[in-house]
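Written out below as structure tokens is the structure these notes cover.
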Amino acid sequence: MAPPASIDNSFAAHAANQFSQYETDRQMKSTDALYATSNGVPMPHPYETQRVGENGPLLLQDFHLIDLLSHFDRERIPERVVHAKGGGAHGFFECTNPIPDLTQLDLFSAKSKKCPVTVRFSTVGGEAGSHDLARDPRGFAVKFRTEDGNWDLVANNTPVFFLRDPAKFPHFIHTQKRDPSTHLGSGDDSTIFWDYLCNNPESVHQVMVLLGDRGIPDGWRFMHGYSGHTLKLVNKAGDWVYCQIHMKSMQGAKFITQADSATKSPDFSQKDLYDAIERGEYPKWSVEVQTMTPKQAEELWERQRINVFDLTHVWPQAQFPRKKVGEFTLNENAVNYFAEIEQAAFNPAHMPPGIEPSADPVLQSRLFSYPDTHRHRIGPNYQQLPVNAPRTGFRFANFQRDGSMAFYNQGARPNFLSSIDPIQFRDRTVDLDKTHGHFTGHAITFLSEIRPEDFNGPRALWQNVWDEPARERFISNVAGKMALCREKEFLKRQIAIFREVDSDIADRLEKATGVKGYDGIKELRFNGTHNGMANDPKLRYANGMSVPKGSSIEANNGAPAKGTHREI
């Protein structure tokens with residue numbers, strides 16, 4: 001019997017059908033589907049195999065079995081090196097307080113402007129099967145699908161981090177993983193954990209946050225998010241300001257104690273978020289910005305020794321108050337976790353017009369590292385996956401072709417800048433010469449130096465922010481972690497670092513651990529940083545550094561000193 005004339009048997013019709021069927025497949029129930037192999041051949045039962053007789057060997061011709069096993073063998077993609085354990089959901093952002101005077105970012109241009117978002121929360125150091133309530137910073141990544149392309153705000157639940165020198169990052173993360181010899185994590189052996197921290201004292205602010213109450217948030221709904229890095233907002237006139245972005249939980253912030261964390265499910269945070277959305281209790285966050293002019297950034301360093309390019313420093317909110325821009329709401333759980341959360345890829349280099357990176361060196365390194373790891377973990381065409389694909393207000397194309405899993409391979413359009421079939425261009429919206437300033441100077445090597453101002457932030461946390469019960473919990477948490485360290489020298493050094501924050505911390509830890517720490521860091525040499533507080537000049541340089549040639553010490557410690565910005 002001839003097929004009906006109305007059926008379109010062209011490849012074009014086939015391709016259109018496949019891509020239109022994505023959402024149908026995503027929502028389809030098992031009872032509506034027919035069992036088949038991966039090439040669409042129906043099978044009578046998934047458990048049958050072909051063999052020689054009732055008791056002979058299997059047949060290689062049994063494609064159904066080969067198809068089943070070979071795919072099973074390849075079901076896992078590499079887990080993230082960091083942020084491996086996590087979950088998330090979908091929702092939308094709405095602009096409540098436009099700031100067109102500060103940025104040309106389409107998302108912040110008009111009241112009630114909306115866009116879809118996907119958010120992924122995570123722990124930093126743990127493996128894919130680790131506990132949701134590990135004492136660890138939380139990743140807080142938001143993909144805003146704006147009309148001008150995706151904006152990925154890759155943040156944490158803490159406003160600071162452990163380091164400010166980008167080459168330290170792989171080393172630091174290694175110390176948060178399993179010991180290469182014992183294969184034990186820091187829950188059983190914290191030796192390498194303290195070895196790194198006691199040699200990189202700029203980490204002390206984040207260490208205090210980590211081992212304080214914010215170290216274990218009560219699920220993801222009750223924690224804030226921070227860009228941490230300094231970014232730039234650029235308006236249509238090309239004028240720009242530095243900014244920090246805060247995402248404040250509108251549910252409030254809550255934490256779980258170390259003792260209580262052991263009583264919770266390993267998937268506590270994922271279950272809490274999923275169940276809340278299913279109940280219709282949609283969590284919301286307020287998106288707020290702090291801004292600072294280039295001149296203010298220079299003055300902040302000259303007068304207060306706060307470096308806006310330093311991920312271990314925070315901006316004083318009394319001087320630079322937060323301004324609300326909008327809110328985002330999570331109201332849609334993922335239908336398929338792997339497709340919509342595990343394959344979600346966030347990249348801080350994804351910035352639409354109106355937002356630009358600063359010279360923060362750790363941010364600069366992340367602009368490369370994040371997309372590089374996605375290409376390794378998922379493939380070169382990872383942005384074609386539905387969860388990562390942009391939803392622009394225009395049809396877009398480029399000259400990227402081929403590679404693994406190239407679904408949208410741009411048809412017959414030229415894969416170069418053709419004069420016969422030319423691609424269109426938008427007029428320039430950002431003057432990069434003006435936005436990124438005028439960097440001049442010699443190529444140098446650089447390593448930051450620990451200085452007295454690095455202890456101001458953690459000292460304020462201990463003295464002015466925490467109450468006495470919070471201080472007691474912190475001492476208990478630190479002492480418990482120190483009890484798992486095999487090398488007392490590391491603890492002596494770490495107590496010396498805490499002594500620079502406040503002698504009360506060191507005294508309490510000495511009593512709790514029975515370890516007498518050093519009097520301070522003036523007589524110590526660090527292998528990870530220069531010691532600007534050393535009494536002996538020979539102790540100033542990080543281990544292995546020649547003195548003084550090649551010391552890599554700069555007077556401004558990487559900050560935007562006076563005269564950094566030519567046109568202010």
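Being a predicted model, the structure only gives us computed values, none of them experimental.
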Requested in this report: Look at the side chain of Ser552 and the backbone N and O of Thr445, then say whether any donor-acceptor pair between them is shorter than 3.5 Å.
Outcome: no
Report summary line: When rounded to the nearest 0.5 Å, the distance separating CD of Glu523 from CG of Asn535 is 4.5 Å
**Report entry** Ring-face cation of Arg305 near Trp301 (centre distance under 6.0 Å, axis angle within 45°)
**Finding:** yes
Report summary line: Here the pair of heavy atoms bringing Gly528 nearest to Leu447 is O-CD1, 3.6 Å
Query raised in the report: Distance-only, no hydrogens or angles: does the Ser227 side chain make a donor-acceptor pair with backbone N or O of Ile245 under 3.5 Å?
Result: yes
Query raised in the report: How many angstroms lie between CG in Asn150 and CZ in Phe346, if you round to the nearest 0.5 Å?
Result: 9.5 Å
Query raised in the report: Just by modelled atom types, is the Asn235 backbone N or O under 3.5 Å from a matching donor or acceptor in the Asp239 side chain?
Result: no
Query raised in the report: Are the side chains of Val325 and Val289 in touch, meaning some heavy atoms are under 4.5 Å apart?
Result: yes
Report summary line: Here the gap from Thr257 atom OG1 to Arg135 atom CZ, rounded to the nearest 0.5 Å, amounts to 8.5 Å
Query raised in the report: Do Ile505 and Val478 touch side chain to side chain, with heavy atoms closer than 4.5 Å?
Result: no
Requested in this report: Answer yes or no: is there a donor N or O on one side and an acceptor on the other, between the side chain of Lys177 and the main chain of Glu127, under 3.5 Å?
Outcome: no
Query raised in the report: Have His83 and Arg120 got a donor and an acceptor in their side chains that come within less than 3.5 Å?
Result: no
Query raised in the report: Within the side chain of Arg540, is there an N or O that forms a donor-acceptor pair under 3.5 Å with the backbone of Asn531?
Result: no
**Report entry** Trp220 and Asp272: CA distance, side-chain angles, deciding distance, side chain to side chain contact (heavy atoms under 4.5 Å, CB included) verdict
**Finding:** CA-CA 8 Å; Trp220 300 320; Asp272 175 74; over 6 Å; no
Report task. May I ask you to decide if Gly520's main-chain N or O and Glu500's side chain share a donor-acceptor pair within less than 3.5 Å? Result -> no
Query raised in the report: Can a salt bridge be assigned to the pair Glu510 and Arg499 using a cut-off of 4.0 Å between side-chain N and carboxylate O?
Result: yes
Requested in this report: Begin with the C-alpha distance, continue with both residues' side-chain angles, and end with the deciding distance and a verdict on side chain to side chain contact (heavy atoms under 4.5 Å, CB included) for Leu105 and Trp151.
Outcome: CA-CA 10 Å; Leu105 192 66; Trp151 173 33; 3.8 Å; yes
Report summary line: Heavy atoms of Leu524 and Arg493 approach each other most closely as CD2-NH1, 4.1 Å
Anything under 3.5 Å between a donor and an acceptor, one on a side chain of residues 262-270, the other on a protein residue two or more places apart or in another chain? List them.
unit_1: Thr263; atom_1: OG1; unit_2: Asp260; atom_2: O; d: 2.6
unit_1: Ser265; atom_1: OG; unit_2: Asp267; atom_2: N; d: 3.0
unit_1: Asp267; atom_1: OD1; unit_2: Lys85; atom_2: NZ; d: 3.0

**Report entry** side chain to side chain contact (heavy atoms under 4.5 Å, CB included) evaluation trace for Thr329 with Phe92
**Finding:** CA-CA 6 Å; Thr329 304; Phe92 65 93; 3.9 Å; yes
Query raised in the report: If you measure from the Lys or Arg side-chain nitrogens to the Asp or Glu carboxylate oxygens, is any gap between Arg508 and Glu468 under 4.0 Å?
Result: yes
Query raised in the report: Is any side-chain heavy atom of Val234 closer than 4.5 Å to a side-chain heavy atom of Met351?
Result: no
**Report entry** Nearest heavy-atom neighbours spanning Glu327 and Met250
**Finding:** OE2-CE, 3.5 Å
Query raised in the report: In this structure, are over 12 heavy atoms from other groups packed under 6.0 Å from Lys562 atom NZ?
Result: no
**Report entry** With sequence neighbours excluded, residues passing ring-ring contact (aromatic ring centres under 6.0 Å, His included) with Tyr226
**Finding:** His246
Enumerate donor-acceptor pairs with a distance under 3.5 Å from any side-chain N or O in residues 156-163 to protein atoms, sequence neighbours excluded.
unit_1: Asn157; atom_1: OD1; unit_2: Arg138; atom_2: N; d: 2.8
unit_1: Thr158; atom_1: OG1; unit_2: Val160; atom_2: O; d: 3.0
unit_1: Thr158; atom_1: OG1; unit_2: Gln206; atom_2: NE2; d: 3.1

**Report entry** Listed once per pair and sorted, the ring-ring contact (aromatic ring centres under 6.0 Å, His included) pairs that draw on residues 494-522, sequence neighbours left out
**Finding:** Phe474-Phe498
Requested in this report: Check for a donor-acceptor pair, side chain of Glu298 on one end and backbone N or O of Thr564 on the other, with a separation under 3.5 Å.
Outcome: yes
Query raised in the report: Would you call Leu461 and Val209 a side-chain contact if the rule is heavy atoms closer than 4.5 Å?
Result: yes
Query raised in the report: When rounded to the nearest 0.5 angstrom, what is the spacing between CG in Asp218 and OG in Ser261?
Result: 11.0 Å
Query raised in the report: Do Glu202 and Asp165 have side-chain heavy atoms sitting under 4.5 Å apart?
Result: yes
Query - Sequence-distant partners of Arg473, side chain to side chain donor-acceptor pair (under 3.5 Å), two or more places apart - result: Asp213
Query raised in the report: Within a radius of less than 6.0 Å around CZ of Phe368, do more than 12 heavy atoms belonging to other residues, nucleotides or ligands occur?
Result: no
Query - Ile475 side, atom CD1; Thr513 side, atom OG1 - distance, nearest 0.5 Å - result: 9.5 Å
Requested in this report: Check for a donor-acceptor pair, side chain of Asp188 on one end and backbone N or O of Gly185 on the other, with a separation under 3.5 Å.
Outcome: no
Query - Criterion side-chain hydrogen bond (donor to acceptor under 3.5 Å, both in side chains) on His565 and Thr293, from CA distance to verdict - result: CA-CA 10 Å; His565 307 92; Thr293 66; over 6 Å; no
Query raised in the report: Any side-chain heavy-atom pair from Gln244 and Phe320 closer than 4.5 angstrom?
Result: no
Query raised in the report: What is the ring orientation for Phe172 with Phe169, classed by angle as parallel under 30°, tilted 30 to 60°, or perpendicular over 60°?
Result: tilted
Query raised in the report: So how far is it from Asn199 CG to His171 NE2, rounded to the nearest 0.5 Å?
Result: 13.0 Å
Query - Closest contact, heavy atoms only, Pro283 versus Ile277 - result: CD-CG1, 4.0 Å
Report task. Identify whether the distance between the nearest side-chain nitrogen and carboxylate oxygen of Lys511 and Asp507 falls below 4.0 Å. Result -> no
Query raised in the report: Quick check: does any side chain N or O of Glu281 sit under 3.5 Å from a backbone N or O of Leu273, one acting as donor and the other as acceptor?
Result: no
Requested in this report: Walk me through it: do Asp360 and Thr230 pass the test side-chain hydrogen bond (donor to acceptor under 3.5 Å, both in side chains)?
Outcome: CA-CA 7 Å; Asp360 177 337; Thr230 293; 5.7 Å; no
**Report entry** For the student: nearest non-hydrogen atoms of Asp152 and Asn347, plus distance
**Finding:** OD2-N, 2.9 Å
**Report entry** The single option from His313, Glu299, Gln319 passing side chain to side chain contact (heavy atoms under 4.5 Å, CB included) against Gln304
**Finding:** Gln319
Query - Set of ring-ring contact (aromatic ring centres under 6.0 Å, His included) partners for Phe140, sequence neighbours left out - result: Phe121, Trp285
Query raised in the report: Shortest non-hydrogen contact from Tyr242 to Pro294?
Result: CE1-CA, 4.1 Å
Report task. May I ask you to test the Lys323-Ile99 pair for a side-chain heavy-atom distance under 4.5 Å? Result -> yes
Report task. Please tell me if the side chains of Asn307 and Pro560 come closer than 4.5 Å, counting only heavy atoms from C-beta onward. Result -> yes
Query raised in the report: Does Asn477 use its side chain to pair, donor to acceptor, with the backbone of Leu211 at less than 3.5 Å?
Result: yes
Report summary line: Exactly one of His224, Arg322, Lys248, Lys324 clears side chain to side chain donor-acceptor pair (under 3.5 Å) with Glu288, and that residue is Arg322
Query raised in the report: Hey, are Lys481 and Ser186 close enough side-chain-wise for a donor-acceptor pair under 3.5 Å?
Result: yes
